[in-house]
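One structure below.
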Amino acid sequence: MEIIVKDTVDEASAIVAEILLRQVEEKPDCALGLPTGATPLGVYARLIEDFRNGCGCYNRAHAFNLDEYLGIPGTDTASYAFYMRENLFRHIDFMQRNIHIPDGSAADASAEATRYETQIAARGGIDLMFLGLGRNAHIGFNEPGSPHDTRTRRVALTASTMEANARYFAPGSRQPTHAITMGIGTILESRRIVVLATGIEKASAVAASLAGPITDAVPGSALARHAHTTIVLDRDAAHELDRILALEIDA
Ligand code: F6R
């Protein structure tokens with residue numbers, strides 16, 4: 001596992017944007033796994049800026065989103081489909097037919113999850129999976145306790161995740177309690193994984209994921225099971241990791 005620590009969020013985002021850009025240059029018809037949330041916004045902004053400057057061509061690439069809320073349609077401004085359209089897809093040249101996001105309004109969530117897995121397999125799997133990390137160390141919406149061999153499925157969100165994401169819902173609107181997420185097993189089958197975590201509120205999740213035991217209680221610890229993972233952090237997110245590694249070196 002490669003760990004890169006940069007001084008600022010901007011510098012960390014630039015590294016991840018560079019990795020994504022290199023992936024589409026090396027394999028123009030690659031399959032990218034993409035997250036939503038606050039963390040990737042700086043990366044997506046850079047990819048858009050690069051694209052406007054003539055760098056990056058996505059018209060043969062496929063995008064597979066990590067997850068989507070259940071019970072809201074893709075037109076809802078709180079949906080991840082809406083987020084992806086606004087923050088990335090409508091600014092670059094992804095083909096609509098190559099954009100894959102679980103359908104949050106599917107009547108049968110299990111059938112939709114199976115369909116999504118089949119779609120990923122039909123593309124030959126994911127070449128580069130970009131992930132954020134939850135404050136409780138979740139990856140995708142695989143909450144603590146998720147076995148590391150799980151597949152795409154319907155999951156219940158924990159109270160802490162709902163609280164962290166409440167800011168994205170208008171006051172008075174109903175916040176989804178469930179989602180469809182790629183499983184940890186699905187994620188680990190990607191050829192390469194790049195994780196971006198920034199901010200002091202991620203420091204303990206980073207330390208538990210990277211310096212603790214591999215356990216279902218810490219979804220991020222599953223990353224150690226993967227042969228080609230790059231973790232990109234800013235100083236704040238690396239704060240507790242630095243302390244643990246310093247203790248280990250001193251010991
Ligand atoms: C988003 C996702 C989540 C987020 C995580 C961090 O598609 O699957 O695992 O990556 O909750 O969210 P932010 O970046 O908002 O802190």
Side-chain angles (χ1 to χ4, degrees), residues 9-10 12-13 16-17 20 32-46 63-70 72 74 76 78-89 99-104 113 116 120 126 128-146 148 150-169 175-188 190 193-206 208-209 218-223 229 231-234 236-238:
V9 176
D10 262 10
S13 301
V16 176
L20 287 161
L32 300 175
L34 298 174
T36 59
T39 311
L41 288 173
V43 176
Y44 295 154
R46 269 186 188 267
F64 286 93
N65 256 80
L66 249 185
D67 41 22
E68 177 61 285
Y69 287 120
L70 270 173
I72 55 175
D76 191 301
S79 72
Y80 285 171
F82 187 90
Y83 168 106
M84 289 306 299
R85 202 158 50 240
E86 285 306 304
N87 292 303
L88 184 65
F89 296 142
I99 294 172
H100 312 279
I101 303 182
D103 178 3
Y116 202 61
I120 295 171
I126 291 172
L128 176 60
M129 182 83 232
F130 171 23
L131 297 175
L133 186 70
R135 295 177 201 187
N136 63 0
H138 69 205
I139 50 176
F141 275 136
N142 296 284
E143 301 284 26
S146 302
H148 291 179
T150 45
R151 312 302 309 182
T152 303
R153 68 204 185 288
R154 174 185 189 269
V155 290
L157 305 178
T158 59
S160 80
T161 294
M162 287 191 60
E163 191 190 315
N165 291 351
R167 62 202 151 124
Y168 299 116
F169 292 85
Q175 191 179 347
T177 54
H178 290 76
I180 293 184
T181 183
M182 279 187 202
I184 298 180
T186 318
I187 291 169
L188 292 180
S190 310
I193 298 176
V194 57
V195 184
L196 177 62
T198 56
I200 198 73
E201 68 278 11
K202 300 291 171 69
S204 49
V206 166
S209 299
V218 182
S221 71
L223 297 165
T229 296
I231 315 279
V232 185
L233 308 170
D234 72 345
D236 284 344

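In listed order, ligands and their atoms are each counted from 1. Quantities reported herein were computed from a predicted structural model and do not represent experimental measurements.
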> Which atoms of ligand 1 sit under 4.0 Å from any heavy atom of His138?
Replying inline: 3 (C), 5 (C), 9 (O), 11 (O)
> Roughly how far, to the nearest 0.5 Å, is the CG atom of Asp10 from the CG atom of Asp234?
Replying inline: 10.5 Å
>> Show the nearest heavy-atom pair for residues Asn142 and Gly183, with the distance to one decimal.
In response: OD1-CA, 3.6 Å
>> Quick check on contacts: which atoms of ligand 1 are under 4.0 angstrom from a heavy atom of Leu66?
In response: 8 (O)
>> For Gly132 versus Ile139, what's the shortest heavy-atom pair and its separation?
In response: O-CG2, 4.1 Å
> Once you round to the nearest 0.5 Å, how far does OG of Ser160 lie from CZ of Arg135?
Replying inline: 8.5 Å
> Identify the closest protein heavy atom to atom 1 (C) of ligand 1: which residue and atom is it, and at what distance?
Replying inline: Thr36 OG1, 3.2 Å
> With backbone taken as N, CA, C and O and side chain as the heavy atoms from C-beta onward, which portion of Arg135 lies under 4.0 Å from ligand 1: side chain, backbone, both, or neither?
Replying inline: neither
> Which bit of Thr181 is near ligand 1, meaning a heavy atom under 4.0 Å away: side chain, backbone, both or neither?
Replying inline: neither
> To which protein heavy atom is atom 16 (O) of ligand 1 closest, and what is the distance rounded to 0.1 Å?
Replying inline: Lys202 NZ, 2.6 Å
> Quick one: nearest non-hydrogen protein atom to atom 10 (O) of ligand 1, plus distance?
Replying inline: Gly132 CA, 3.4 Å
> Looking only at protein heavy atoms, which one is nearest to atom 6 (C) of ligand 1, and how far off is it?
Replying inline: Leu133 O, 3.5 Å
>> Taking 4.0 angstrom as the limit and counting only heavy atoms of Arg167, give me the atoms of ligand 1 inside it, by number and element.
In response: 15 (O)
> Hey, looking at atom 8 (O) of ligand 1, which of Asn136, Asn142, Asp67 has the closest heavy atom?
Replying inline: Asp67
>> Within ligand 1, which atoms have a heavy atom of Tyr168 less than 4.0 Å away?
In response: 15 (O)
>> Just to be sure I read this right, does ligand 1 sit under 4.0 Å from the backbone of Thr39, its side chain, both, or neither, counting only heavy atoms?
In response: both
> For Asn165, is at least one N or O under 3.5 Å away from an N or O on ligand 1?
Replying inline: no
> Which of the atoms of ligand 1 are close to Gly37, meaning less than 4.0 Å from one of its heavy atoms?
Replying inline: 14 (O), 15 (O)
>> Quick check: closest heavy atoms across Ala63 and Phe89, and the distance to 0.1 Å?
In response: CB-CZ, 3.7 Å
>> Counting only nitrogen or oxygen atoms and a 3.5 angstrom limit, does Ala38 reach ligand 1?
In response: yes
> Without hydrogens or angle criteria, can the side chains of Gln175 and Asn165 be said to hold a donor-acceptor pair below 3.5 Å?
Replying inline: no
> Can you check whether Gly140 has an N/O within less than 3.5 Å of an N/O in ligand 1?
Replying inline: yes
> Looking at Tyr69 versus Phe141, is the centre-to-centre ring distance below 6.0 Å?
Replying inline: yes
>> How close do Ser13 and Leu196 get, counting heavy atoms only, and between which atoms?
In response: OG-CD2, 4.2 Å
> CD of Glu163: more than 12 outside heavy atoms within 6.0 angstrom?
Replying inline: no
>> Would you say that Met182 contacts Arg153 through its side chain, given a criterion of any heavy-atom pair below 4.5 Å between the two side chains?
In response: no
